[in-house]
Amino acid sequence: MNLIGEQISIVVQLGFLGVFLLQFVAKSVGLVRKHGTNFTDQGVEKSSVRVSFSTTCKLSMACSLALMGAHISVLLTYLNGSATYCTSRVFAFSSETLQVVFWAASSIAVYKVFKNELIKFSWLLRAWWLWSFIMSVIRLALDTHLRITNHGELGLRDYADFFKLLISTGLFVISIRGKTGKAPPVSSSFTEPFLNGKSDEQTENKRESPYGKASLLQLITFSWLNPLFAVGFKKPLDQKEIPDLDIKDSAAFLSSSFDESLKYVKEEDGTTNPSIYRTIFTFVWRKAAINACFAVICAGASYVGPYLINDFVSFLSEKETRSLKSGYLLALEFLGAKMVETTTQRQWIFGARQLGLRLRAALISHIYRKGLVLSSRSRQSRTSGEMINYMSVDIQRITDFMWYLNIIWMLPIQISLAIYILYTNLELGSLAALAATLLVMSLNIPITRIQKQYQSKIMDDKDNRMKATSEVLRNMKILKLQAWDMQFLRKLEDLRKLEYNGMWKSIRLGACTAFIFWGSPTFISVVTFGSCILLGIELTAGRVLAALATFRMLQDPIFNLPDLLNVIAQGKVSADRVASFLQEEEIQQEAIQNVPKSQTEFDVEVQNGKFSWDPESRTPTLDGVNLRVNRGMKVAICGTVGSGKSSLLSSILGEMHKVSGTVKISGTKAYVPQTPWILTGNIRENILFGNEYDSDNYDRTVKACALMKDFELFSAGDLTEIGERGINMSGGQKQRIQIARAVYQDADIYLLDDPFSAVDAHTGTQLFKECLMGILRQKTILFVTHQVEFLPAADLILVMQNGKIAQAGTFEELMKENIGFEVLVGAHSQALESILTVENTSRSGHQTTDSESNTGSTAGVVLLQARHESDHNISLEIIEKGGKLVQDEEREKGSIGKEVYWSYLTTVKGGLLIPIIILAQSSFQVLQIASNYWIAWSCPTTPGIEPKGGINFVLLVYALLATGGSLCVLLRAMLVGVAGLWTAEKLFLNMLHSVLRAPMSFFDSTPTGRILSRASTDQSVLDLEMPQKLGWCAFSIIQILGTIAVMSQVAWEVFVIFIPVTAVCIWYQRYYIPTARELARLEGIQRTPILHHFAESLAGVSTIRAFEQEGRFTNANLGLIDKHSTPWFHNVAAMEWLSFRLNLLSNFVFAASLVLLVTLPEGIINPSIAGLAVTYGINLNVLQASVIWNICNAENKMISVERIIQYSKIPSEAPLMIEDSKPPNNWPDVGAIIFNNLQIRYAEHLPSVLKNISCTFPGKKKIGVVGRTGSGKSTLIQAIFRIVEPREGSIIIDGVDICNIGLHDLRSRLSIIPQDPTMFEGTVRGNLDPLEQYSDSEAWEALEKCQLASLVHAKEKKLDATVVENGENWSVGQRQLFCLGRALLKKSTILILDEATASVDTATDGVIQKIISEEFRDRTIVTIAHRIHTVVNSDLVLVLSDGRIAEYDTPARLLEREDSFFSKLVKEYSMRSKSFNSLANQ
């Protein structure tokens, strides 16, 4: 055997010599000048900085010289006539001579690396070091085996071999790493700050990566983490105290690297849609190959123990004839193998986790970038909830697969080695073991196939639940106002039920799998030993114990196989889902042609444009669009609801699919969407939108957009934090912030979609004059508007009708055409006439001059200059919190409270199942030890002796004991699964009920991402991981107690070492836990902003694209990924830091016990039982590490339980129903609302928002509520619905104090048409009547009244026509009409309109007002409106200012007083329309 080894060694060495000579010759003739010199390769870079000889270079030089010296000494012994193991002296001599030559060359090569200041060692040098290590391992193993077999003494050659192995191991690690320790030149593109204006802060907070500059020894021992542990042990860690990632782990580098892989695969395959699997392979293969090397060495080293057990038992049996030296040598071999296993295991596990981090960062950045370029059709086919799930759940599953990837290489090696060891002991009996192993493994295939189906179903159900949860959270306000919250709660519960059923099936199957695989060693051993009896192979204690140890080792690959196949199944499902998303249709990049200004006089030009939201639809959304807009023109776009006004803007932006025609744009664009899109952050950040702060331009913009007064509301001014989706701002404030954002960009072309709908009359005029006609007068503007009074100022008016430009021209030209424009104008004229009539009857003969009008309007502003509180709850807390509304996520500090564990364990049946689970696992452990003890005790230690009681009886007892143990596992697995799922379900329902019953203030100050993170990621941990993790804590402790019990049976003296080592282990754990716990918490907190930023970006993607800000948002996403990766990476490394140290300590205990067994005199111990102790002791390091690892892992995962329990204790709103205080069934029948000294504040320490409101809204009357933005109008409405509770005073409706009845009883009896029209994903029917209380005929009647019947009739599915997420396949105006339809169906006595017609044209507004007045003539109607004509016909008008009643009377009486606020408001509106009116009457 040794001769063959030497021959192979010489051939390989000659091969290396040949390659070296080829490189040398090539260099000499100058063929590879650009590829480097003899020992360098094309991948080698030069260091840009002059540095000293690095530690790695020194170490590699020392190792090369040491190995050269070792081979010279061996060569000298050969020359002195010493014997060789090799039968051919010539081969042995040649091999050693070549080794000396090569190690001399290696030393010279290392010196050249230093001299040339290279960053990496050459591939040839690294390959040589790797080969030397493999040969050293093989040579030492064979030589030692021969020494033991031949009972020989150790010689100089043996010590030299051991010395060479140690040195080669060092070079092996250096070769794997490949770096020389010199700093590479840093690419500037990765060090630039991510966001403008943040560079100083980033530079200040930049911390070096200790991992990136760690020495070889620090990398092996993970001691580069020591400084972090020193900080974390003293105090809870903060994000800023965690070191930065190495450049190669940063999201920017990884995203760029993934791009290169994608490009490479595209070029290789010649396709536009490359395979995601090939791309991932190209991206990860180098790092994966290094991990695979470590994993394979680890697998090989782990089987050295079982291989040596028979020899060890033989040694103990023949102690008299054997020297102690050979016993100690055996112990040294056990220890050496364990050390190699420990080192390589820690490296491959850490490497696999690091690879997962890299892949996750790359995929998240690509999903984000894809989200920014999705076409409208793709957006409608995938909801934001689904896309967030790709980023949270699917990416996690793909990265989990990276960890299991190495098991694929390890499995065949583990099985091959196991069969080889069995063959050396049991000869042909090993074939039976192989057959049994393959049979057990083949059982996985059908099980995994079924499990994969279950997993796909669970993922689909989770998607649906998350989609619905996201929608509910987004529209929580409307659900509470309409009293639909409980209906939607039931919907979420039903969706969860489907998910629960899938998980229940999966858990049952998992329990059967656990039974099969824990029972597999029993089955394999019974089959193997039975075959040996049949074949007549003698079973001695040494053989049986070696076989049992091997079966236990085999259990690992067998046990890993179902997990592996399960992870492959999950990873495949997730990868396919992500791949299908990444291959979705994108917006047409070539739809818009950007033309330089010098080449055209037009800023916007559309020729024969045909556009469609759905490319497959036969009827386009827009057809025959021809438009030319000169530079500096003001183009107004008007038309009825659903005529295609917003679509025209979208077509110019490139958001719609262009079927045919051309669109040319000259200059930069700015866009203001109809539905305000506000980013979480402060107001200034929203206005700057990534641009540098220029105080002059900023002040000018803020003034033009009428925001100065709003800034005065807050102590933090424009640095006031805005809630999620601008939730703490009124509609008008959000709209003006949007307009300010566009104005500040200083673009060439402005596209404004109905910018004046959400603001009051005075503010609208100010915006039009100072913004559109002032600061933007030189700009090209296309604006959609329903306010006809602004049309005369436009250079061109486009009238949209059925997706076509029906008319185009100036105001005068269109008025003369008499085609359709006059319908809109006529509606406005009638509205204006109604105002003028009221105004004139109130003041007959009163003439107004221009100057009076001006002073009047100014006075109106002065009257409202008092400080106003915002309408929305929580917003005033900003003052107290220094402008911060959305507080940083709550984070527990210190150890996880015992009450969290107690709460989790006792949620189901008060924890009754826990003792049964522990008893089942303990029974399994006892029966397993008993079966092994029995067979070891029964079998003889030497051949030729009959086992006690006969071999058949021995085998029968063994089989019965082991089978009983397996049945205990089945019971335990079922109970853990059931208890875990029940607990997860109960905690989920507690959280769901708690969140949905929370007051609106909670949703105002809590980003949706935080709640969604708990409902998806944290809930997944509870559903699938937590029961197993917590169970394994108990199971691994039971296992290690069993192992210690067996070892102490033989040599109780080992306790002398074990107890102090255990104490050190506990100290290490205590030292580790504080840092790891905080890292896990920080990782959980930093996960949410990634999802939140993605959701926010998806909501405003059209704005991001219009402003061409994709790059900035992508960089922000990369920054958030890094913020999450940093604690995650260090948490993973910290776990390896602990595991490495615990493994070393347990190796020390194991080695000490072996030395003890060797040293004890013969006769004191039974060799069979000693062998059993060694069998168990082999796994001591694994068990000890798994105890600590499981405890730490469980604590980390317990954070998810802590986070869910945290949201299960949110203070609730008032009860939904109070049985003792239910209102009559016909309440309210009159609809009279009495406010008695009403005072409202949002928190005890804050001032009142509504102050001493006392008035009566008579029943069956129409009441208008007016006032400037922030005067308290919306707060009054919220008070009626008890969205916010009164601090003092009361609201009495028809004699019932609303604070004394249940919230559901109150809200379900009132109707509201809200300012922001809301539609839910589903059908038209479901949106009109979510509670399913009305018939189809009633639904059609309501649609007829709200002008939508013809539109719904035209749909193929009629009432079942699809409504996509947010109702995005319906225009904003149509959505508003749906809200009216709901109110018409409900037929409440009291109807509240909150800016209900802001998003519809004047003609439709007129129709709606007519319908409302007809359908609700005998009802109480409370209207908040900015359009004066909707209020002027009211029976009473309430004017609010500064949270107080400024005026309350009939419109006629208020208009009689010239100084009344209402009078000034009407005058302002009529004067604004004066120019229009004179034109209209021409």
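With Ser378 contributing its side chain and Leu374 its backbone, the two residues share no donor-acceptor pair below 3.5 Å. No donor-acceptor distance shorter than 3.5 angstrom exists from the side chain of Lys669 to the backbone of Arg1105, with no hydrogens or angles considered.
A side-chain N or O of Glu1096 and one of Thr680 form a donor-acceptor pair less than 3.5 Å apart. Tyr368 and Ser1097 are linked by a side-chain donor-acceptor pair at a separation below 3.5 angstrom, with hydrogens and angles left out of the test.
Taking the six-membered ring for Trp and thresholds of 30 and 60 degrees, Phe768 and Phe790 have nearly parallel ring planes, at less than 30 degrees apart.
Tyr1334 places a side-chain heavy atom less than 4.5 Å from the side chain of Lys1386. With contacts defined as side-chain heavy-atom distances shorter than 4.5 Å, the pair Val784/Leu649 qualifies. Asn630 places a side-chain heavy atom less than 4.5 Å from the side chain of Glu601. At a threshold of 4.5 Å between non-hydrogen side-chain atoms, the residues Asn475 and Phe1320 count as touching. Between Ser660 and Asn608 there is no side-chain heavy-atom pair separated by less than 4.5 Å. Taking 4.5 Å as the limit, every side-chain heavy atom of His657 sits out of range of all side-chain heavy atoms of Phe611. In this structure, the side chains of Ile652 and Leu782 come closer than 4.5 Å at one or more pairs of heavy atoms. Looking only at side-chain heavy atoms (C-beta outward), Thr1008 and Arg474 stay at 4.5 Å or farther from each other.
A cation-pi contact, defined as under 6.0 Å to the ring centre and within 45° of the axis, links Lys1355 to Trp1370.
Checked options Lys664, Arg628, Gln593; the residue passing with Glu605 is Arg628 (criterion: side chain to side chain donor-acceptor pair (under 3.5 Å)).
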Task: side-chain hydrogen bond (donor to acceptor under 3.5 Å, both in side chains) between Gln1109 and Arg1112, worked out - done: CA-CA 5 Å; Gln1109 292 268 357; Arg1112 184 173 72 93; 2.7 Å; yes
- [ ] Kindly indicate, with the supporting measurements, whether the criterion ring pair (Phe, Tyr, Trp, His ring centres under 6.0 Å) is fulfilled by Phe1107 and Phe1113.
- [x] CA-CA 11 Å; Phe1107 284 83; Phe1113 275 80; 9.9 Å; no
